[in-house]
Amino acid sequence: MSPDSIPQISLGTAALIIFAVCAGFVLLRGMTRMIVGTVVLSLSAWIGFRVWQQAPTLSVEWTGQSLSWITNGLPVAAFLISLFLIRKLAKGIVRPFGKSPDEEKPRSIIKLAFLLLLALIPTSLICIIGATLVHHNGSIAEVRAYAEKSIGIPETTPDGFSQKLKSSVEAALPANLFKILDPVAEPSRLALAKLITAQADSPLNPVINPQTGKPIPRAIIVNDPELQNLARDGNYGTLLRHPLLTKALADPQVKKLLKDLSL
């Protein structure tokens with residue numbers, strides 16, 4: 001079964017489903033344990049994701065190059081260490097409660113309504129993290145599709161599906177929110193990554209500026225060997241996070257080029 005055959009649901013419907021699941025857990029397993037556990041997992045996942053975004057920069061600062069065991073291993077270590085430490089801290093602040101006589105009594109409608117309201121907390125955290133992951137995965141798929149298209153490879157179904165999900169998320173949430181949640185996938189960075197991949201996959205064919213119909217000077221495109229290798233190897237996630245893109249985006253020539261292009 002291909003991803004395109006899966007019926008797409010709106011972000012609101014997905015949020016309602018997640019809310020229903022969270023509410024069920026709150027009612028069945030207890031308010032405190034559910035909320036604390038979700039917050040611990042969400043914070044750990046967010047820390048791991050932020051480290052994942054910064055890992056290539058740290059790798060270059062520490063070793064002078066982008067090493068896969070740092071760019072991929074460091075975020076995993078950050079997630080596991082954060083999960084362990086935050087869980088310990090949470091247990092020290094709020095320990096799981098045993099059953100009290102009040103818990104044996106039927107819950108009132110007011111208490112049930114209050115528990116459902118509190119279920120919005122884990123629902124919001126999960127939705128934000130999920131939307132960020134969908135947005136970033138869709139951005140990587142967008143770069144991959146552009147690179148493959150530049151050498152005549154048709155877009156694959158998974159990449160198309162990821163980009164559709166990204167578009168749905170962008171339509172449902174404010175654009176400024178993703179500048180905070182997923183800064184390495186902002187439009188100008190995506191456009192520059194596409195130019196680099198197009199040049200890396202077709203080094204003999206110049207990249208044409210659709211506005212002028214003329215080749216884009218190679219001096220304007222970031223022509224660093226490490227970035228070219230990442231593009232050729234299909235490491236588009238690391239390419240998007242690389243600090244050289246941040247440096248290049250501060251160049252007035254690159255800014256002007258990206259402003260004229262629509263990739």
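None of the values given here were measured: they were computed from a predicted structure.
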Measure the spacing between [atom1] of [X] and [atom2] of [Y] and express it to the nearest 0.5 Å.
| X | Y | atom1 | atom2 | value |
| --- | --- | --- | --- | --- |
| Q228 | T197 | CD | OG1 | 9.5 Å |
| T132 | I180 | OG1 | CD1 | 10.5 Å |
| S82 | L41 | OG | CG | 11.5 Å |
| L239 | D233 | CG | CG | 11.0 Å |
| L80 | I47 | CG | CD1 | 12.0 Å |

So, for [X] and [Y], which heavy atoms are closest and what is the spacing to 0.1 Å?
| X | Y | answer |
| --- | --- | --- |
| Q53 | P56 | O-CD, 3.8 Å |
| L240 | V184 | CD2-O, 3.7 Å |
| E186 | L249 | OE2-CD1, 3.7 Å |
| L230 | H242 | CD1-CD2, 3.9 Å |
| H136 | A185 | ND1-CB, 4.2 Å |
| S139 | K166 | OG-NZ, 3.1 Å |

So does [Y] get a backbone contact from the side chain of [X], meaning a donor-acceptor N/O pair under 3.5 Å?
| X | Y | result |
| --- | --- | --- |
| R241 | T57 | no |
| S44 | L83 | yes |
| T71 | S68 | yes |
| S59 | L67 | yes |

*Give the ring-plane orientation class for W52 versus F49, where under 30° counts as parallel, over 60° as perpendicular and anything between as tilted.*
parallel
*asked:* Does the plane of the ring in H135 sit parallel, tilted or perpendicular to the ring in F178? Use 30° and 60° as the thresholds.
replied: parallel
_F84: hydrophobic cluster co-members (side-chain, 4.5 Å)_ = I81, L85
Find out whether [X] and [Y] are in side-chain contact, i.e. whether some heavy atom of one side chain is under 4.5 Å from a heavy atom of the other.
| X | Y | result |
| --- | --- | --- |
| L133 | N137 | no |
| W46 | R50 | yes |
| L245 | I196 | yes |
| L181 | I129 | no |

*Kindly work out whether a path of hydrophobic side-chain contacts (I/L/V/M/F/W/Y, heavy atoms less than 4.5 Å apart) joins L58 to W69.*
yes
*Are W62 and V60 in one and the same hydrophobic cluster, where Ile, Leu, Val, Met, Phe, Trp and Tyr link if side-chain heavy atoms are under 4.5 Å apart?*
no
*Taking salt bridge (charged side-chain N to carboxylate O under 4.0 Å, His left out) as the test, write out the residues that go with R144, two or more places apart.*
D159
